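Below is one structure, written out as structure tokens; comments come after it.
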Amino acid sequence: MEKYQVSDSELVSLYIQGSEKAFEKLVQRHKSKIYTTIYLIVKDQYVAEDLMQDSFVKAVDTIKSGKYNDEGKFLPWILRIAHNLAIDHFRRDKRYPEVVFEDGSSVFNTLDFSEDSIESLQIRQETHEHLRELIQRLPDPQRQVLIMRHYEDMSFQEIADATGVSINTALGRMRYALINLRKQLSNRVPIYDTTVYPR
């Protein structure tokens, strides 16, 4: 435990006063947690390392510009920076998870795809693309929680820590994200009912 060590707040103050070693200490203290937060989203070691460096660079720029509001919460603040950079990368990379609703059903469980049907594969691809579009349209907080939860099964505690909100807020955002997605998808799925569910 770092109970008797210099606090993050004190290290930031020392850095502002010109101590490079103070910031190095902050990096050493928190880089593992920041790397893990990013890696859980991007799932690529090299990308995670790059984004971790970017997070510290952005933190330095903000502190040097005098825009850092020191409330003794350096770690949650830089975790939010790291989280946002990872989500931005994730969004650019256009990789989205398969979404599971609150009742445990997958988006694709609502469509019965047969293995050998080219038509069903095309429907699956179109639904993937449609789902990606719908996720993009979600409000930022909902989209972020959904991606973190379903991409690497992050716990709601981890999501709350990374996004700087309470667990209840994270759970609420997830619930509304799923409600919004289900509502949008329910408008689309019936189009395929006659071909997917031949009677």
Side-chain angles (χ1 to χ4, degrees), residues 8 12 23 26-27 29-65 67-71 73-102 106-108 125 127-185:
D8 288 352
V12 171
F23 196 79
L26 284 169
V27 172
R29 186 177 287 181
H30 299 305
K31 67 179 184 180
S32 176
K33 183 148 193 172
I34 291 165
Y35 171 84
T36 302
T37 296
I38 296 169
Y39 182 79
L40 286 171
I41 299 172
V42 301
K43 285 190 74 180
D44 182 299
Q45 175 188 343
Y46 300 106
V47 171
E49 286 171 359
D50 284 346
L51 291 177
M52 180 178 69
Q53 295 297 328
D54 290 347
S55 300
F56 282 115
V57 168
K58 197 163 185 178
V60 165
D61 289 344
T62 304
I63 292 170
K64 284 187 172 178
S65 70
K67 293 177 183 173
Y68 175 66
N69 181 19
D70 182 20
E71 297 174 349
K73 296 179 180 178
F74 177 80
L75 180 58
W77 173 70
I78 197 166
L79 279 176
R80 278 196 296 278
I81 291 175
H83 164 78
N84 289 336
L85 287 174
I87 291 292
D88 286 345
H89 170 83
F90 188 94
R91 196 160 51 219
R92 283 196 305 273
D93 213 33
K94 291 187 176 176
R95 290 175 301 175
Y96 281 92
E98 181 165 314
V99 176
V100 180
F101 292 118
E102 287 173 304
S106 161
V107 166
F108 296 107
Q125 179 60 34
T127 306
H128 263 298
E129 290 170 3
H130 184 59
L131 177 61
R132 188 162 62 230
E133 289 170 17
L134 294 180
I135 293 174
Q136 293 254 30
R137 290 180 204 158
L138 287 173
D140 282 349
Q142 292 178 24
R143 182 176 62 245
Q144 289 176 355
V145 171
L146 185 139
I147 288 172
M148 295 179 86
R149 180 65 180 158
H150 285 294
Y151 189 66
E152 188 49 40
D153 197 29
M154 287 178 73
S155 72
F156 281 105
Q157 180 63 64
E158 289 171 323
I159 293 169
D161 290 343
T163 56
V165 299
S166 69
I167 292 182
N168 281 344
T169 299
L171 284 166
R173 288 175 178 176
M174 185 67 182
R175 183 166 179 272
Y176 285 117
L178 293 178
I179 288 170
N180 284 336
L181 277 184
R182 189 184 280 280
K183 197 180 297 179
Q184 294 299 321
L185 282 164

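Owing to the predicted nature of the structure, the values given are computational and were not obtained by experimental measurement. Values below: every heavy atom of this structure, side chains too, minus hydrogens, waters and symmetry copies.
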Report yes if the side chains of [X] and [Y] come closer than 4.5 Å at any heavy-atom pair, otherwise no.
X	Y	result
Leu146	Leu181	yes
His89	Asp50	no
Leu85	Ile38	no

Spacing of [atom1] belonging to [X] relative to [atom2] belonging to [Y], to within rounding of 0.5 Å:
X	Y	atom1	atom2	value
Ile63	Trp77	CD1	CH2	4.5 Å
Lys58	Leu51	NZ	CG	11.0 Å
Asp61	Ile81	CG	CD1	9.5 Å
Gln142	Arg137	CD	CZ	14.0 Å
Met52	Ser32	CE	OG	9.0 Å

To check you understand the geometry: which heavy-atom pair defines the closest contact between [X] and [Y], and what is its length?
X	Y	answer
His83	Ala162	CB-O, 3.7 Å
Ile159	Ala170	CG2-CB, 4.1 Å
Ile78	Ala59	CD1-CB, 3.8 Å
Thr163	Gln144	CG2-OE1, 4.4 Å

Pairing residues for [X] by the side chain to side chain donor-acceptor pair (under 3.5 Å) criterion, not counting sequence neighbours:
X	answer
Thr36	none
Asp54	none
Thr169	Ser166

field: Results of ring pair (Phe, Tyr, Trp, His ring centres under 6.0 Å) for Tyr35 - residues two or more places apart only
entry: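 Tyr35 satisfies ring pair (Phe, Tyr, Trp, His ring centres under 6.0 Å) with Tyr39 once adjacent residues are dropped.
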
Pairing residues for Ile167 by the side chain to side chain contact (heavy atoms under 4.5 Å, CB included) criterion, not counting sequence neighbours: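 Counting only residues at least two positions away or on another chain, Ile167 forms a side chain to side chain contact (heavy atoms under 4.5 Å, CB included) with Phe156, Gln157, Ala160, Leu171.
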
- request: Not counting sequence neighbours, which residues clear side chain to side chain contact (heavy atoms under 4.5 Å, CB included) with Val27? List them please.
  value: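 If we apply the side chain to side chain contact (heavy atoms under 4.5 Å, CB included) test to Val27, skipping adjacent residues, the hits are Phe23, Lys31, Phe56.
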
message: Strictly below 4.0 Å, N to O, side chains only: are Arg143 and Asp140 in salt-bridge contact?
response: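 Answer for the salt bridge query: yes.
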
task: Verify whether one side chain among Asp8 and His30 offers a donor that lies under 3.5 Å from an acceptor in the other.
output: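 Side-chain D/A pair, Asp8 to His30: present.
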
- request: Assess whether side chain to side chain contact (heavy atoms under 4.5 Å, CB included) is satisfied between Met174 and Leu178, documenting all intermediate values.
  value: CA-CA 6 Å; Met174 185 67 182; Leu178 293 178; 4.1 Å; yes

